[in-house]
Structure formats: C-alpha cells, structure tokens
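All chains are named by letter (A, B, ...) in the order of the sequence lines, taking the proteins before the strands, and each is independently numbered beginning at 1. Since we're looking at a predicted model, the values are computed, not measured. Side chains included, hydrogens not; waters and symmetry mates left out as well; all remaining heavy atoms used.
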Amino acid sequence: MMKFVAVLVLAVGLFLLAKRRLIQIDMSFFLYVALVALAIGSLSPTFIDVVAHIFGIIYQPLAVILLALFILLCMVTLVAIYITRLGQRHTTLVRRFAAIELADEERRRAALKG
Amino acid sequence: MNSSPRILAFLPTLNDFAVLPQICAAIQALPGDYAVLVIDDGSYPPLDRATLPPGTMVGHLPENYGLGVATHVAMDHMLAHGYDVLVRLDSDGQHPVDKIPLLVDEVTADRADFAIGTRIDPHKGFGARILATRFISAYYRLIARWLTGSRVLGDLTSGFMAMNRRTASLMAKEPLERYPEPEMLMLGMLEGLRIARVPIKANEREFGRSTIGVNRAMLLFYRFNIFALSRLFDGAKRP
C-alpha cells in the first residue's frame with residue numbers, strides 16, 4: 001500500500017511542478033516514465049531478484065542502488081542535453097543582438113567618415 | 001576581388017584594455033580600407049568607447065561567452081556589411097600590427113582563403129608549462145596530419161588570422177567554442193580551403209596573463225580529441 005502512496009505522491013508532485021512550469025513539460029516526461037517503470041516493477045515481489053539475476057549481482061539489495069544510479073545517470077544526461085540546446089539557442093540570440101548593436105556602430109562609423 | 005578591398009580588423013578583449021587604443025590607432029593608420037571592431041567579451045568594468053580612437057566600432061557582449069562567440073559575431077558582421085577580409089588579432093599587443101598586411105595580401109591576392117600568422121618558435125624555454133604546451137602542439141599537429149593528410153606547419157593555436165568571405169561563411173555555420181583556433185584551422189583543411197601560413201614573431205605579452213590554466217588546458221585538449229573523433233566518424237575525407 002505504502003508503495004502506491006509513495007508513487008502517487010511523487011506523480012502528483014511532478015504534475016504540480018510541470019503545471020507551475022517549474023519543470024518544462026518535456027523534461028518531466030522521462031521522470032514520469034521512470035516513475036511508471038518503478039511502479040510496475042514494485043508490483044512484482046521478485047522484481048529486484050530478476051534485475052539482480054540479469055546483471056549478475058550476487059547481493060540483491062545492491063540492484064536497487066544500481067538501478068537508482070542508472071536512472072540518475074539518464075536524468076543527468078537528459079538535463080545536459082537540454083542545457084546544451086539552451087546554450088545553443090542562447091548563443092544564436094546573442095549573435096542576433098550583437099548584429100543589431102553593430103549595425104548601429106557601422107552607421108556611426110559611416111557618418112564619421114562622411 | 002576589387003582593387004580596394006574592405007578589411008575588418010577584429011579584436012576580442014576581456015579586461016585587456018591597456019594597449020588596445022594604440023593597437024586600434026595603429027591598424028587605422030595602415031594603408032588600405034581598414035575598419036576596426038572591438039568585441040568586449042563581458043569585461044568588468046565594460047570597455048569605455050571614449051578611450052578608443054574615433055571610428056572604432058565597439059560591440060559589448062553582456063557576459064563572457066568566449067572567443068568562439070566573439071569570432072562568430074565578427075564573422076556575422078563581416079558577412080552582413082560587405083567586408084572582403086576579416087582579420088583577427090589579440091588585444092594584448094602580442095600580434096604585430098605591421099604584419100597584418102602580409103596576411104591580408106595572401107587573401108586579397110587570392111592565394112589563400114585563410115591566412116594564419118604562425119609564430120616562429122612559439123614556445124621557447126624548458127619550464128613545465130612550456131614543455132606541456134609543446135607536447136600538446138605536437139599532438140595537435142600529429143592528429144591534424146592524420147585527419148587531413150596534410151602536413152601542418154607551425155602552431156595550430158595562433159589567433160592571428162585573416163579570412164575571406166568564403167571561409168567566414170563556412171566558419172559562421174560551425175559551432176565555435178572557447179579557444180576555437182585548432183578546430184578552425186582543421187575545419188579549413190578538411191573543407192579544402194587554401195591555407196597560407198605567414199611566419200611572424202609574436203611580441204611578448206606586456207599586460208595581463210594567459211587565461212588558459214591547467215584545468216582549461218585539459219578541457220581544451222579533451223575538446224580537440226572529441227572534435228577529431230567526431231570528424232573521423234563523420235568520414236572526413238582527405239582533400
């Protein structure tokens with residue numbers, strides 16, 4: 001029961017963050033996917049055992065940590081991609097603004113030259 | 001190219017104003033149609049236009065975006081306002097202004113699309129920093145030769161350069177980051193641009209200090225390798 005409550009609270013929390021535009025909706029998508037996957041995984045009492053078996057982890061509880069690390073790594077990568085895109089868009093804007101400012105400079109120079 | 005090419009000399013600067021007015025004045029005194037553009041790359045306090053000779057164009061970037069963005073801004077301006085040649089030189093007085101015509105001549109005489117002022121023996125001495133720089137430069141040249149099939153003479157890190165509109169159009173489409181010189185030169189080689197190397201004796205830095213520390217040098221080394229690997233996977237063809 002507590003598992004579902006935890007997943008529900010996280011889902012509502014994510015929804016509120018997306019709704020208030022504190023997280024971009026696109027960015028919250030992966031978090032939801034991870035949440036749904038974990039919710040489904042938690043339905044199975046042998047989920048962790050299966051994961052541990054697949055990856056050859058002898059001490060099963062370690063699989064939980066590795067799974068969490070994997071999800072975190074995916075999220076960090078996703079955020080890095082978003083930040084990179086944002087940086088590229090930002091650079092494009094800076095170039096546009098600089099072009100406008102320098103067009104004025106060019107006019108000023110031409111006027112000075114006569 | 002017409003008989004009187006329009007030349008845009010561009011100086012990126014970051015808190016390096018000590019000899020900037022003299023450099024701008026010296027460029028304006030050169031024979032030919034020179035316009036001077038200073039890009040203040042987020043200096044604090046910002047560059048005061050009044051300290052520069054009249055007719056110098058000044059662009060202020062609100063933050064420090066690095067040489068790649070500053071170079072992009074200058075290339076955009078060159079392309080938008082019909083300049084024939086873009087010259088880039090440092091604002092700390094290391095690049096000899098009197099050698100600008102040598103670089104420009106290579107481009108205006110249509111012998112080259114991209115002329116680089118290659119420093120003669122750029123890394124003298126035996127200090128740890130100098131040895132590391134020498135090693136990195138040698139590595140850059142080795143990789144550049146491997147990728148392009150051409151022997152790369154001189155240093156790939158020189159920021160003293162002149163380019164025509166073809167080169168600027170090509171570079172303007174590429175993402176240039178901080179300290180983009182090695183990538184720019186290699187891009188030019190890979191795209192089959194005619195590259196001229198003009199030997200110059202760089203002046204000693206009179207003011208300020210290099211912004212490339214150990215951490216940044218490692219980052220640049222890493223970035224160069226990523227660039228080289230990307231080009232390799234893109235199927236870089238030897239011209």
- Using a strict cut-off of less than 4.0 Å between a Lys/Arg side-chain nitrogen and an Asp/Glu carboxylate oxygen, indicate whether Arg223(B) and Glu183(B) qualify as a salt bridge.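 Salt bridge flag = yes for Glu183(B) with Arg223(B).
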
- Determine, for Asp76(B) against Arg96(A), whether the closest basic-nitrogen to carboxylate-oxygen distance falls under 4.0 angstrom. no

Under a 4.5 Å heavy-atom cut-off, does chain B meet the side chain of [X], its backbone, both or neither?
X	value
Ala111(A)	neither
Arg108(A)	side chain
Glu106(A)	both
Leu102(A)	both

- Task: Report the option among Arg95(A), Arg109(A), His90(A), Lys113(A) that has the most heavy-atom pairs separated by less than 4.5 Å from atoms of chain B.
- Result: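 Among Arg95(A), Arg109(A), His90(A), Lys113(A), the one with the most close pairs to chain B is Arg95(A).
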
- For Arg166(B) and Asp113(B), work out which heavy atoms get closest and say how close. NH1-OD2, 3.2 Å

- Message: If you take the centroid of each ring, where Trp contributes its six-membered ring, are Tyr65(B) and His72(B) closer together than 6.0 Å?
- Response: no

- Item | Residue part contacting chain A, namely of Ala74(B), when any heavy atom lies under 4.5 Å |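 Neither the backbone nor the side chain of Ala74(B) comes within 4.5 Å of chain A.
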
- Message: Using side-chain heavy atoms (C-beta onward) and a distance below 4.5 Å, is Gln28(B) in contact with Pro53(B)?
- Response: yes

- Query: Taking C-beta and beyond as the side chain, do Val107(B) and Phe114(B) meet within less than 4.5 Å on heavy atoms?
  - Reply: no

- Query: Counting heavy-atom pairs under 4.5 Å to chain A, which of Ala70(B), Gly68(B), Ala172(B) comes out on top?
  - Reply: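 Max contact count across the listed options: Ala172(B).
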
